[in-house]
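Notes follow the structure.
So you know, we letter chains A, B, ... as the sequences are listed, proteins then strands, and number each from 1.
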Amino acid sequence: MTRLEPLLAEHPFCRDLAPGQISRLAACARERQFAADEVLAREGEEIREFFLIRSGRVALEIFTARRGPLLIQTREAGDFLGWLGLEPHALWVVDARALEVTRVLILPLPCLNQLLEEDPILGYQLLKRFTQGLARHFASMKRQVVNLLHGL
Amino acid sequence: MASEPRSVTPGRLEPMLPVLLPVVKRRRETGDTVTLALDPGPEGFGFAPGQFNMLTVLGLGEVPISISGDPGDRSRLVHTIRAVGPVTRALCRLTPGATVGVRGPYGTPWPVAGQTGRDILIIAGGLGLAPLRPALCQVLARRREFGAVEVIYGARRPEDLLYREELSRWRGRFDVRVHVTVDAAGADWRGPVGVVTTLIPHARFDPPYTSAFICGPGVMMRFTVGDLLARGVPEERIFVSLERNMQCGLGLCGHCQLGPLFVCKDGPVFSYARVKEWLTLREI
(Lines give C-alpha, C1' and ligand atoms only; values in the text may rest on other atoms or scores of the structure.)
Protein backbone atom coordinates (compact mmCIF):
# COMPACT_ATOMS: atom_id res chain seq x y z
CA MET A 1 0.00 0.00 0.00
CA THR A 2 1.33 3.42 -0.89
CA ARG A 3 1.18 6.43 1.41
CA LEU A 4 -1.51 8.01 -0.73
CA GLU A 5 -3.98 5.14 -0.60
CA PRO A 6 -5.29 5.80 2.93
CA LEU A 7 -5.43 9.53 2.18
CA LEU A 8 -7.54 8.84 -0.88
CA ALA A 9 -9.69 6.29 0.92
CA GLU A 10 -10.61 8.72 3.68
CA HIS A 11 -11.58 11.54 1.31
CA PRO A 12 -15.39 11.72 0.86
CA PHE A 13 -15.03 11.66 -2.92
CA CYS A 14 -13.37 8.24 -2.79
CA ARG A 15 -15.00 6.82 0.32
CA ASP A 16 -16.20 3.20 -0.06
CA LEU A 17 -14.36 2.59 -3.32
CA ALA A 18 -12.85 -0.90 -3.51
CA PRO A 19 -9.19 -1.19 -2.42
CA GLY A 20 -8.18 -2.06 -5.98
CA GLN A 21 -9.87 1.08 -7.28
CA ILE A 22 -8.10 3.17 -4.66
CA SER A 23 -4.78 1.64 -5.68
CA ARG A 24 -5.37 2.54 -9.31
CA LEU A 25 -6.24 6.10 -8.37
CA ALA A 26 -3.21 6.30 -6.09
CA ALA A 27 -0.99 5.37 -9.01
CA CYS A 28 -2.11 8.63 -10.66
CA ALA A 29 -2.21 10.82 -7.56
CA ARG A 30 0.22 13.10 -5.85
CA GLU A 31 0.08 15.27 -2.74
CA ARG A 32 0.63 18.96 -2.50
CA GLN A 33 0.39 21.71 0.06
CA PHE A 34 -0.52 25.25 -0.97
CA ALA A 35 0.39 28.23 1.17
CA ALA A 36 -2.20 30.90 1.95
CA ASP A 37 -2.83 33.00 -1.18
CA GLU A 38 -1.09 30.51 -3.44
CA VAL A 39 -3.05 29.90 -6.64
CA LEU A 40 -4.26 26.40 -7.52
CA ALA A 41 -5.77 27.36 -10.85
CA ARG A 42 -6.15 30.50 -12.89
CA GLU A 43 -9.07 31.55 -15.10
CA GLY A 44 -8.32 30.92 -18.76
CA GLU A 45 -5.73 28.22 -18.10
CA GLU A 46 -6.30 24.72 -19.36
CA ILE A 47 -7.77 22.36 -16.75
CA ARG A 48 -5.07 19.77 -16.24
CA GLU A 49 -5.74 18.56 -12.72
CA PHE A 50 -8.54 17.38 -10.47
CA PHE A 51 -8.12 18.38 -6.81
CA LEU A 52 -9.37 16.60 -3.73
CA ILE A 53 -9.14 19.03 -0.80
CA ARG A 54 -7.91 17.28 2.35
CA SER A 55 -7.68 20.33 4.61
CA GLY A 56 -7.79 24.10 4.41
CA ARG A 57 -10.00 26.29 2.26
CA VAL A 58 -9.94 27.40 -1.36
CA ALA A 59 -11.57 30.58 -2.70
CA LEU A 60 -13.18 30.58 -6.12
CA GLU A 61 -12.82 34.06 -7.50
CA ILE A 62 -13.59 36.05 -10.62
CA PHE A 63 -11.34 38.97 -11.28
CA THR A 64 -12.93 42.27 -12.19
CA ALA A 65 -11.06 45.31 -13.38
CA ARG A 66 -12.96 47.71 -11.14
CA ARG A 67 -13.26 45.74 -7.92
CA GLY A 68 -10.44 43.23 -8.13
CA PRO A 69 -11.11 39.60 -7.26
CA LEU A 70 -14.69 38.77 -6.26
CA LEU A 71 -15.02 35.79 -3.97
CA ILE A 72 -17.91 33.67 -5.23
CA GLN A 73 -17.74 30.52 -3.15
CA THR A 74 -15.29 28.55 -1.09
CA ARG A 75 -14.39 24.89 -1.21
CA GLU A 76 -13.58 23.21 2.07
CA ALA A 77 -11.90 20.06 3.32
CA GLY A 78 -13.74 17.09 1.82
CA ASP A 79 -14.73 18.95 -1.35
CA PHE A 80 -13.35 18.43 -4.82
CA LEU A 81 -12.23 21.10 -7.22
CA GLY A 82 -12.14 20.64 -10.97
CA TRP A 83 -14.06 18.86 -13.69
CA LEU A 84 -14.48 15.33 -14.95
CA GLY A 85 -15.79 14.38 -18.36
CA LEU A 86 -15.09 17.65 -20.15
CA GLU A 87 -13.59 17.80 -23.61
CA PRO A 88 -9.80 18.07 -23.70
CA HIS A 89 -8.35 21.56 -23.40
CA ALA A 90 -11.31 22.91 -21.40
CA LEU A 91 -10.42 26.06 -19.49
CA TRP A 92 -10.86 27.18 -15.89
CA VAL A 93 -13.58 29.81 -15.60
CA VAL A 94 -12.56 30.99 -12.13
CA ASP A 95 -9.39 31.56 -10.16
CA ALA A 96 -8.86 29.11 -7.32
CA ARG A 97 -6.75 30.52 -4.47
CA ALA A 98 -5.87 28.95 -1.14
CA LEU A 99 -7.24 31.09 1.70
CA GLU A 100 -5.12 29.27 4.26
CA VAL A 101 -2.60 26.45 4.26
CA THR A 102 -4.39 23.88 2.13
CA ARG A 103 -3.48 20.25 1.52
CA VAL A 104 -4.79 18.52 -1.54
CA LEU A 105 -4.49 15.33 -3.50
CA ILE A 106 -3.96 16.04 -7.17
CA LEU A 107 -5.13 13.70 -9.91
CA PRO A 108 -3.66 14.81 -13.25
CA LEU A 109 -6.44 14.64 -15.84
CA PRO A 110 -4.59 12.73 -18.59
CA CYS A 111 -3.85 9.92 -16.16
CA LEU A 112 -7.30 10.07 -14.54
CA ASN A 113 -9.15 10.15 -17.88
CA GLN A 114 -7.18 7.18 -19.14
CA LEU A 115 -8.02 5.28 -15.98
CA LEU A 116 -11.73 6.06 -16.34
CA GLU A 117 -11.72 4.93 -19.98
CA GLU A 118 -9.95 1.68 -19.11
CA ASP A 119 -12.07 0.92 -16.06
CA PRO A 120 -15.71 1.92 -16.78
CA ILE A 121 -16.89 0.62 -13.40
CA LEU A 122 -14.54 3.00 -11.61
CA GLY A 123 -15.39 5.65 -14.21
CA TYR A 124 -19.10 5.35 -13.46
CA GLN A 125 -18.48 5.51 -9.72
CA LEU A 126 -16.40 8.66 -9.99
CA LEU A 127 -18.71 10.40 -12.45
CA LYS A 128 -21.65 9.62 -10.20
CA ARG A 129 -19.88 11.19 -7.23
CA PHE A 130 -18.81 14.12 -9.36
CA THR A 131 -22.41 14.69 -10.53
CA GLN A 132 -23.71 14.52 -6.96
CA GLY A 133 -21.11 17.07 -5.88
CA LEU A 134 -21.98 19.33 -8.80
CA ALA A 135 -25.67 19.10 -7.92
CA ARG A 136 -24.84 20.18 -4.34
CA HIS A 137 -22.72 23.07 -5.55
CA PHE A 138 -25.36 24.26 -8.03
CA ALA A 139 -28.16 24.00 -5.47
CA SER A 140 -26.18 26.01 -2.98
CA MET A 141 -25.22 28.58 -5.61
CA LYS A 142 -28.87 29.05 -6.62
CA ARG A 143 -29.78 29.81 -3.00
CA GLN A 144 -26.84 32.18 -2.79
CA VAL A 145 -28.11 34.03 -5.86
CA VAL A 146 -31.58 34.25 -4.31
CA ASN A 147 -30.09 35.65 -1.10
CA LEU A 148 -28.04 38.23 -2.94
CA LEU A 149 -30.61 39.31 -5.52
CA HIS A 150 -33.56 39.43 -3.18
CA GLY A 151 -31.87 40.45 0.04
CA LEU A 152 -33.07 37.45 2.02
CA MET B 1 -40.89 12.91 21.99
CA ALA B 2 -40.02 16.53 22.67
CA SER B 3 -42.74 18.73 24.09
CA GLU B 4 -44.03 21.59 21.99
CA PRO B 5 -42.95 25.10 23.07
CA ARG B 6 -45.73 26.74 25.08
CA SER B 7 -46.47 30.39 25.43
CA VAL B 8 -45.18 31.88 28.65
CA THR B 9 -46.89 35.23 28.31
CA PRO B 10 -47.70 36.46 31.81
CA GLY B 11 -51.25 37.45 32.58
CA ARG B 12 -51.73 41.19 32.77
CA LEU B 13 -54.58 43.55 33.37
CA GLU B 14 -53.85 45.85 30.44
CA PRO B 15 -52.27 43.66 27.78
CA MET B 16 -52.56 46.30 25.06
CA LEU B 17 -51.03 49.12 27.10
CA PRO B 18 -47.31 49.69 26.49
CA VAL B 19 -44.92 50.55 29.29
CA LEU B 20 -42.58 53.42 28.48
CA LEU B 21 -38.92 52.52 28.95
CA PRO B 22 -35.84 54.68 28.36
CA VAL B 23 -33.08 53.77 25.92
CA VAL B 24 -29.83 53.48 27.86
CA LYS B 25 -27.51 52.21 25.17
CA ARG B 26 -27.40 52.10 21.40
CA ARG B 27 -24.95 50.07 19.37
CA ARG B 28 -24.75 50.09 15.60
CA GLU B 29 -24.38 46.51 14.40
CA THR B 30 -24.36 47.00 10.63
CA GLY B 31 -25.26 49.72 8.15
CA ASP B 32 -29.00 49.26 8.74
CA THR B 33 -29.17 47.43 12.07
CA VAL B 34 -28.99 48.76 15.60
CA THR B 35 -29.12 47.16 19.04
CA LEU B 36 -31.00 49.14 21.70
CA ALA B 37 -30.76 48.41 25.42
CA LEU B 38 -33.70 49.64 27.49
CA ASP B 39 -33.83 50.11 31.24
CA PRO B 40 -36.82 48.15 32.58
CA GLY B 41 -36.54 49.70 36.03
CA PRO B 42 -35.79 48.12 39.40
CA GLU B 43 -38.06 45.11 38.93
CA GLY B 44 -36.24 44.10 35.77
CA PHE B 45 -37.77 42.39 32.76
CA GLY B 46 -38.06 38.63 32.66
CA PHE B 47 -38.43 36.77 29.39
CA ALA B 48 -37.69 33.44 27.83
CA PRO B 49 -35.34 33.08 24.83
CA GLY B 50 -37.20 33.40 21.55
CA GLN B 51 -39.97 35.67 22.84
CA PHE B 52 -40.73 39.05 21.33
CA ASN B 53 -42.06 42.42 22.41
CA MET B 54 -44.27 44.90 20.63
CA LEU B 55 -42.23 48.12 20.48
CA THR B 56 -43.96 51.45 20.01
CA VAL B 57 -42.59 54.70 18.71
CA LEU B 58 -45.14 57.15 20.02
CA GLY B 59 -47.14 58.78 17.29
CA LEU B 60 -45.77 56.50 14.62
CA GLY B 61 -46.72 52.89 15.30
CA GLU B 62 -45.88 49.53 16.79
CA VAL B 63 -43.77 46.62 15.53
CA PRO B 64 -42.94 43.13 16.84
CA ILE B 65 -39.25 42.77 17.68
CA SER B 66 -37.52 39.70 19.12
CA ILE B 67 -35.76 40.10 22.41
CA SER B 68 -32.07 39.56 21.78
CA GLY B 69 -30.47 39.99 25.20
CA ASP B 70 -29.35 37.50 27.80
CA PRO B 71 -32.35 36.05 29.65
CA GLY B 72 -30.11 35.73 32.70
CA ASP B 73 -29.78 39.50 32.89
CA ARG B 74 -33.12 41.06 33.86
CA SER B 75 -31.62 44.53 34.25
CA ARG B 76 -31.45 45.30 30.53
CA LEU B 77 -34.03 44.71 27.83
CA VAL B 78 -32.20 44.32 24.53
CA HIS B 79 -33.59 44.35 20.99
CA THR B 80 -31.75 44.27 17.69
CA ILE B 81 -33.66 46.16 15.01
CA ARG B 82 -33.18 46.39 11.27
CA ALA B 83 -34.46 49.57 9.62
CA VAL B 84 -36.93 48.35 7.02
CA GLY B 85 -40.02 50.54 7.53
CA PRO B 86 -41.08 53.82 9.14
CA VAL B 87 -41.29 52.47 12.71
CA THR B 88 -38.10 50.42 12.61
CA ARG B 89 -36.26 53.32 10.96
CA ALA B 90 -37.42 55.57 13.80
CA LEU B 91 -36.37 52.97 16.39
CA CYS B 92 -32.93 52.71 14.80
CA ARG B 93 -32.50 56.48 15.08
CA LEU B 94 -33.23 56.56 18.83
CA THR B 95 -30.40 57.49 21.15
CA PRO B 96 -29.92 57.13 24.92
CA GLY B 97 -32.54 59.12 26.79
CA ALA B 98 -35.30 58.50 24.23
CA THR B 99 -38.39 56.54 25.25
CA VAL B 100 -39.81 53.36 23.71
CA GLY B 101 -43.20 51.81 24.41
CA VAL B 102 -42.97 48.13 25.26
CA ARG B 103 -45.67 45.45 25.40
CA GLY B 104 -44.71 41.88 26.12
CA PRO B 105 -43.04 39.51 26.30
CA TYR B 106 -45.12 37.40 23.95
CA GLY B 107 -44.91 34.03 22.33
CA THR B 108 -43.33 30.65 22.76
CA PRO B 109 -39.67 30.25 23.69
CA TRP B 110 -36.87 28.13 22.31
CA PRO B 111 -37.26 25.01 24.46
CA VAL B 112 -33.68 25.01 25.75
CA ALA B 113 -34.67 23.47 29.05
CA GLY B 114 -36.08 20.34 27.45
CA GLN B 115 -32.92 19.41 25.56
CA THR B 116 -30.72 18.12 28.37
CA GLY B 117 -28.24 15.52 27.16
CA ARG B 118 -28.58 16.44 23.50
CA ASP B 119 -26.25 18.03 21.00
CA ILE B 120 -27.43 21.55 20.21
CA LEU B 121 -27.35 23.11 16.75
CA ILE B 122 -28.08 26.82 16.53
CA ILE B 123 -28.48 27.88 12.91
CA ALA B 124 -29.11 31.50 11.98
CA GLY B 125 -29.40 33.44 8.77
CA GLY B 126 -29.04 37.23 8.73
CA LEU B 127 -31.06 38.95 11.45
CA GLY B 128 -32.18 35.50 12.62
CA LEU B 129 -29.23 35.48 14.99
CA ALA B 130 -31.01 38.11 17.13
CA PRO B 131 -33.80 35.84 18.48
CA LEU B 132 -31.33 32.96 18.78
CA ARG B 133 -28.82 34.90 20.83
CA PRO B 134 -30.82 34.54 24.09
CA ALA B 135 -31.08 30.80 23.45
CA LEU B 136 -27.32 30.55 23.02
CA CYS B 137 -26.80 32.60 26.20
CA GLN B 138 -29.02 30.15 28.05
CA VAL B 139 -27.30 27.12 26.55
CA LEU B 140 -23.90 28.50 27.52
CA ALA B 141 -25.12 29.33 31.03
CA ARG B 142 -26.12 25.66 31.40
CA ARG B 143 -23.35 24.32 29.20
CA ARG B 144 -22.66 21.12 31.13
CA GLU B 145 -26.21 19.86 30.50
CA PHE B 146 -25.63 19.46 26.75
CA GLY B 147 -23.43 17.53 24.38
CA ALA B 148 -21.80 19.31 21.45
CA VAL B 149 -22.90 22.90 20.86
CA GLU B 150 -22.50 24.13 17.29
CA VAL B 151 -23.44 27.59 16.05
CA ILE B 152 -23.85 28.07 12.31
CA TYR B 153 -24.42 31.60 11.08
CA GLY B 154 -24.71 33.06 7.61
CA ALA B 155 -24.98 36.65 6.45
CA ARG B 156 -25.01 38.28 3.06
CA ARG B 157 -21.63 39.97 3.42
CA PRO B 158 -18.97 40.22 6.13
CA GLU B 159 -20.16 43.74 6.95
CA ASP B 160 -23.66 42.35 7.63
CA LEU B 161 -22.51 40.07 10.47
CA LEU B 162 -24.21 40.85 13.79
CA TYR B 163 -22.59 40.68 17.23
CA ARG B 164 -19.03 40.50 15.95
CA GLU B 165 -17.49 40.82 19.41
CA GLU B 166 -19.65 38.04 20.79
CA LEU B 167 -18.99 35.82 17.80
CA SER B 168 -15.27 36.20 18.56
CA ARG B 169 -15.87 35.52 22.24
CA TRP B 170 -17.99 32.45 21.55
CA ARG B 171 -15.33 31.24 19.12
CA GLY B 172 -12.73 31.65 21.84
CA ARG B 173 -14.48 29.14 24.09
CA PHE B 174 -13.39 25.55 23.96
CA ASP B 175 -16.86 24.15 24.50
CA VAL B 176 -18.70 25.64 21.54
CA ARG B 177 -17.89 25.69 17.84
CA VAL B 178 -18.91 28.67 15.73
CA HIS B 179 -19.12 28.46 11.93
CA VAL B 180 -19.69 31.63 9.93
CA THR B 181 -20.29 32.01 6.22
CA VAL B 182 -21.29 34.83 3.89
CA ASP B 183 -22.94 34.91 0.48
CA ALA B 184 -20.40 37.29 -1.02
CA ALA B 185 -17.09 38.73 0.12
CA GLY B 186 -14.06 40.66 -0.94
CA ALA B 187 -10.63 39.11 -1.30
CA ASP B 188 -9.70 39.93 2.30
CA TRP B 189 -12.35 37.56 3.75
CA ARG B 190 -10.73 34.33 4.95
CA GLY B 191 -13.85 32.44 5.91
CA PRO B 192 -16.27 30.28 3.94
CA VAL B 193 -18.40 31.76 1.17
CA GLY B 194 -21.66 29.99 0.45
CA VAL B 195 -25.07 29.42 1.98
CA VAL B 196 -25.57 28.28 5.57
CA THR B 197 -26.34 24.70 4.59
CA THR B 198 -22.82 24.26 3.19
CA LEU B 199 -21.54 24.48 6.77
CA ILE B 200 -23.75 21.72 8.15
CA PRO B 201 -21.42 18.91 7.02
CA HIS B 202 -18.62 20.57 9.00
CA ALA B 203 -20.58 20.69 12.26
CA ARG B 204 -20.07 17.83 14.70
CA PHE B 205 -23.32 16.40 16.00
CA ASP B 206 -25.01 13.08 16.41
CA PRO B 207 -28.30 13.49 14.48
CA PRO B 208 -30.60 11.21 16.52
CA TYR B 209 -29.45 12.96 19.69
CA THR B 210 -29.54 16.50 18.33
CA SER B 211 -31.93 19.41 18.80
CA ALA B 212 -31.75 22.23 16.28
CA PHE B 213 -32.93 25.82 16.68
CA ILE B 214 -33.25 27.63 13.35
CA CYS B 215 -34.11 31.21 12.52
CA GLY B 216 -33.66 33.12 9.29
CA PRO B 217 -35.32 33.84 5.96
CA GLY B 218 -37.99 31.33 4.94
CA VAL B 219 -35.97 29.88 2.07
CA MET B 220 -32.96 29.38 4.33
CA MET B 221 -35.03 27.64 7.00
CA ARG B 222 -36.72 25.38 4.47
CA PHE B 223 -33.47 24.10 3.02
CA THR B 224 -31.79 23.87 6.41
CA VAL B 225 -34.64 21.77 7.78
CA GLY B 226 -34.42 19.55 4.69
CA ASP B 227 -30.70 18.98 5.24
CA LEU B 228 -31.15 18.18 8.93
CA LEU B 229 -33.98 15.76 8.24
CA ALA B 230 -31.84 14.05 5.60
CA ARG B 231 -29.11 13.64 8.21
CA GLY B 232 -31.50 12.07 10.66
CA VAL B 233 -32.36 14.85 13.09
CA PRO B 234 -35.92 14.06 14.28
CA GLU B 235 -38.51 16.55 13.01
CA GLU B 236 -39.97 17.04 16.49
CA ARG B 237 -36.56 18.29 17.67
CA ILE B 238 -36.06 20.78 14.87
CA PHE B 239 -37.41 24.11 16.08
CA VAL B 240 -38.03 27.09 13.82
CA SER B 241 -39.00 30.67 14.61
CA LEU B 242 -41.55 32.03 12.17
CA GLU B 243 -42.11 35.61 11.22
CA ARG B 244 -45.56 36.79 10.31
CA ASN B 245 -47.49 40.04 10.52
CA MET B 246 -47.87 40.09 14.30
CA GLN B 247 -50.00 43.01 15.46
CA CYS B 248 -51.85 42.34 18.71
CA GLY B 249 -49.47 39.77 20.15
CA LEU B 250 -52.38 38.04 21.86
CA GLY B 251 -53.88 35.85 19.15
CA LEU B 252 -56.91 38.09 18.80
CA CYS B 253 -56.52 40.11 15.62
CA GLY B 254 -55.69 37.21 13.29
CA HIS B 255 -53.07 39.03 11.19
CA CYS B 256 -50.43 36.42 11.88
CA GLN B 257 -52.61 33.39 11.29
CA LEU B 258 -50.93 30.38 9.73
CA GLY B 259 -53.51 27.68 9.13
CA PRO B 260 -55.00 26.92 12.55
CA LEU B 261 -52.16 28.68 14.37
CA PHE B 262 -51.54 32.22 15.48
CA VAL B 263 -47.82 32.85 15.20
CA CYS B 264 -47.85 35.52 17.92
CA LYS B 265 -49.47 33.25 20.51
CA ASP B 266 -48.82 29.65 19.39
CA GLY B 267 -45.37 30.66 18.13
CA PRO B 268 -43.13 32.22 17.02
CA VAL B 269 -41.12 29.12 17.99
CA PHE B 270 -42.61 25.86 16.73
CA SER B 271 -41.30 22.38 16.27
CA TYR B 272 -41.05 21.59 12.57
CA ALA B 273 -43.30 18.59 13.17
CA ARG B 274 -46.10 20.94 14.18
CA VAL B 275 -45.90 23.42 11.30
CA LYS B 276 -44.52 21.42 8.40
CA GLU B 277 -47.82 21.00 6.58
CA TRP B 278 -48.48 24.75 6.75
CA LEU B 279 -44.98 25.78 5.76
CA THR B 280 -45.13 23.88 2.51
CA LEU B 281 -48.54 25.20 1.43
CA ARG B 282 -48.04 27.87 -1.22
CA GLU B 283 -51.53 29.32 -0.91
CA ILE B 284 -50.95 30.56 2.65
Open item on the list: Taking the six-membered ring of A:F34 as reference, does the cationic atom of A:R32 (NZ for Lys, CZ for Arg) lie under 6.0 Å from its centre and within 45° of its axis?
Closed with: yes
TODO: Find out whether the Lys NZ or Arg CZ of B:R133 is both under 6.0 angstrom from the six-membered ring centre of B:Y163 and within 45° of the ring's axis.
DONE: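 Checked: cation-pi criterion met.
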Quick one: what part of [X] sits under 4.5 Å from any heavy atom of chain B, side chain, backbone, both or neither?
X: A:A139; value: neither
X: A:R75; value: neither
X: A:Q73; value: both
X: A:R143; value: both

TODO: Start with the C-alpha gap between B:F239 and B:F270, add the side-chain angles, then the distance that decides, and say whether ring-ring contact (aromatic ring centres under 6.0 Å, His included) holds.
DONE: CA-CA 6 Å; B:F239 298 94; B:F270 296 95; over 10 Å; no
Open item on the list: Tell me whether B:R173 contacts the main-chain N or O of B:R169 through its side chain, where contact means a donor paired with an acceptor under 3.5 Å.
Closed with: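 Such a contact is absent between B:R173 side chain and B:R169 backbone.
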- [ ] Check each of B:V87, B:I81, B:T80, B:L36 against B:I65 using the side-chain contact (heavy atoms from CB on, under 4.5 Å) test, and report the only one that passes.
- [x]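 Going through the options one by one, the only one that passes is B:I81.
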Task: Salt bridge A:R3-A:E31, side-chain N to carboxylate O under 4.0 Å - done: yes
Chain A: which of [options] shares the most heavy-atom pairs with it under 4.5 Å?
options: B:A187, B:P201, B:G194; answer: B:A187
options: B:V182, B:V193, B:V196; answer: B:V193
options: B:G216, B:G191, B:G186, B:A184; answer: B:G191

Task: Pairs of heavy atoms under 4.5 Å with chain B: top-ranked of A:H137, A:R97, A:E100 - done: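 Max contact count across the listed options: A:R97.
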